[in-house]
Amino acid sequence: MTSDNDRRRGLLARLRGRPAARSRGRRRLGAAVRLLAALMLAGGAYTVFAPGVQAQDNPPLSGAAAEGKALFDVSCVTCHGRNAQGVEGRGPSLIGVGAASVEFQVGTGRMPMARQEAQAQRKPEVFNDEETRQLAQYIQELGGGPVVPEGANLHEDANIAAGGELFRINCSQCHAFGGGGGALSSGKYAPSLRPATDRQIYAAMLSGPQNMPVFGDNQITPEQKADIIAYIQETLKHDQDPGGFNLGRYGPSTEGLAIFLVGIVALVFASLWIAGKS
């Protein structure tokens with residue numbers, strides 16, 4: 001009797017557990033169905049809104065930038081690659097360099113570069129001012145970066161005396177006190193500032209071409225940049241060299257060499273002439 005009762009109780013327990021097991025199975029199945037439906041809903045929403053998101057990530061170019069892209073695809077893509085991402089061994093990426101860098105390099109004829117050298121040399125410009133602005137606008141809209149303020153005269157009402165002090169502290173080590181430039185290491189050099197315009201000087205300070213350091217607005221404020229430009233344009237370019245020959249304004253090196261070649265040689269010949277007369 002005891003064993004029969006135990007069997008009956010075990011059978012009843014198993015019968016009672018089946019509905020509970022079925023209930024748990026239904027709950028799991030329902031959760032899986034709901035999860036699948038949520039995933040399908042999320043996928044459908046992404047499919048609907050993804051084109052709009054992509055359009056926001058790649059906004060259309062302005063008219064000037066579109067013209068600049070056409071110029072870029074003809075004259076620059078070989079070295080800088082499509083979308084200005086650079087080509088290894090030929091040219092660097094231009095993403096993030098900004099319009100200032102393009103305006104300096106293209107506006108001074110340094111780009112397009114005829115061949116790979118230690119430093120790009122200034123030469124007659126390939127593009128006119130309008131085309132240079134279009135190229136600069138294309139690179140600006142492509143990746144952003146520093147921009148030169150509007151206008152041709154960027155030093156109006158600036159402080160020339162303050163600009164001279166800033167120039168002597170930050171610029172004269174490479175460009176010399178007279179702005180004539182000077183030699184650097186590995187075949188590089190600091191160019192003369194005489195042919196540079198206001199915009200080119202400002203762009204050079206913002207972009208730091210070749211060996212020149214970048215002078216952002218945190219290092220030299222826009223007002224101080226205007227002061228430096230005023231000193232270069234109003235003082236260095238109009239100095240009449242009251243001391244005599246400027247010797248290229250390269251500083252004490254050329255002056256010392258001139259003293260040695262002219263002064264010492266003249267003294268030697270004067271000594272020989274006096275000795276011959278005595």
Side-chain angles (χ1 to χ4, degrees), residues 96-111 119-122 125 129 132-133 136-137 139-140 144-185 188-256 258:
V97 301
S101 179
V102 178
E103 187 165 344
F104 175 82
Q105 298 288 359
V106 177
T108 60
R110 289 175 167 84
M111 295 292 160
Q119 182 167 321
Q121 299 183 7
R122 184 175 188 131
E125 303 93 286
D129 292 343
T132 299
R133 283 193 291 270
Q137 185 63 29
I139 297 301
Q140 182 65 33
V147 179
V148 181
E150 294 294 331
N153 185 353
L154 301 180
H155 68 276
E156 189 174 7
D157 300 327
N159 189 331
I160 297 177
E165 182 178 356
L166 290 167
F167 180 88
R168 288 186 288 272
I169 293 173
N170 298 284
C171 315
S172 61
Q173 295 91 334
C174 296
H175 292 284
F177 285 95
L184 302 173
S185 61
K188 300 175 182 179
Y189 61 92
S192 171
L193 299 176
R194 286 191 172 275
T197 65
D198 285 18
R199 296 188 63 84
Q200 290 167 1
I201 297 172
Y202 204 110
M205 286 190 280
L206 284 178
S207 61
Q210 278 83 48
N211 287 286
M212 183 172 174
V214 175
F215 294 106
D217 291 343
N218 292 329
Q219 290 78 32
I220 297 180
T221 66
E223 292 77 14
Q224 291 174 326
K225 288 182 174 69
D227 294 342
I228 293 174
I229 294 172
Y231 175 72
I232 294 172
Q233 303 291 37
E234 302 298 335
T235 301
L236 295 185
K237 291 187 178 182
H238 296 286
D239 194 341
Q240 301 300 314
D241 302 312
F245 296 110
N246 59 40
L247 300 176
R249 297 189 177 184
Y250 290 122
S253 298
T254 54
E255 294 168 1

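The basis for the numbers below is simple: all heavy atoms, side chains too, and nothing from hydrogens, waters or symmetry mates. Numbers for residues simply follow the sequence, beginning at 1. As the structure is a prediction and not an experimental result, all values here were calculated from the model.
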Any sub-3.5 Å donor-acceptor pair from [X]'s side-chain atoms to [Y]'s backbone N or O?
X: Glu165; Y: Ala162; value: no
X: Asn159; Y: Asp227; value: no
X: Arg199; Y: Gly151; value: yes
X: Gln119; Y: Lys188; value: no

Rounded to the nearest 0.5 Å, what's the gap from [atom1] on [X] to [atom2] on [Y]? Could you check?
X: Tyr231; Y: Leu193; atom1: OH; atom2: CG; value: 10.5 Å
X: Arg194; Y: Gln233; atom1: CZ; atom2: CD; value: 10.5 Å
X: Ile220; Y: Cys171; atom1: CD1; atom2: SG; value: 6.0 Å
X: Asn170; Y: Met212; atom1: CG; atom2: CE; value: 9.0 Å
X: Lys237; Y: Ser192; atom1: NZ; atom2: OG; value: 8.5 Å

Report task. Please report the C-alpha distance between Tyr189 and Gln121 in whole Å, then the side-chain angles of each, then the deciding distance to 0.1 Å, and finally whether the side-chain contact (heavy atoms from CB on, under 4.5 Å) criterion is met. Result -> CA-CA 10 Å; Tyr189 61 92; Gln121 299 183 7; 3.5 Å; yes
Nearest heavy atoms of [X] and [Y], plus distance in Å:
X: Leu184; Y: Cys174; answer: CD2-SG, 4.2 Å
X: Pro149; Y: Tyr202; answer: CD-CE2, 3.5 Å
X: Gly98; Y: Ile139; answer: O-CG2, 4.2 Å
X: Ala120; Y: Met111; answer: CB-CE, 4.4 Å
X: Ile229; Y: His155; answer: CG2-CB, 3.8 Å
X: Ala100; Y: Ala203; answer: O-CB, 3.3 Å

Do [X] and [Y] make a side-chain contact, defined as non-hydrogen atoms from C-beta onward lying under 4.5 Å apart?
X: Pro195; Y: Arg122; value: yes
X: Phe167; Y: Leu236; value: yes
X: Gln210; Y: Gln105; value: yes
X: Ile232; Y: His175; value: no
X: Glu103; Y: Arg133; value: no
X: Thr132; Y: Glu125; value: no
X: Val97; Y: Ser207; value: no
X: Leu166; Y: Lys225; value: no

Query raised in the report: Of Val102, Asp198, Leu154, which is the lone residue that meets side-chain contact (heavy atoms from CB on, under 4.5 Å) with Val148?
Result: Leu154
Query raised in the report: Is a side-chain donor-acceptor pair under 3.5 Å present for Thr108 with Arg110?
Result: yes
Report task. Please indicate whether Gln173 has more than 12 foreign heavy atoms, meaning atoms of other residues, nucleotides or ligands, lying under 6.0 Å from its CD. Result -> yes
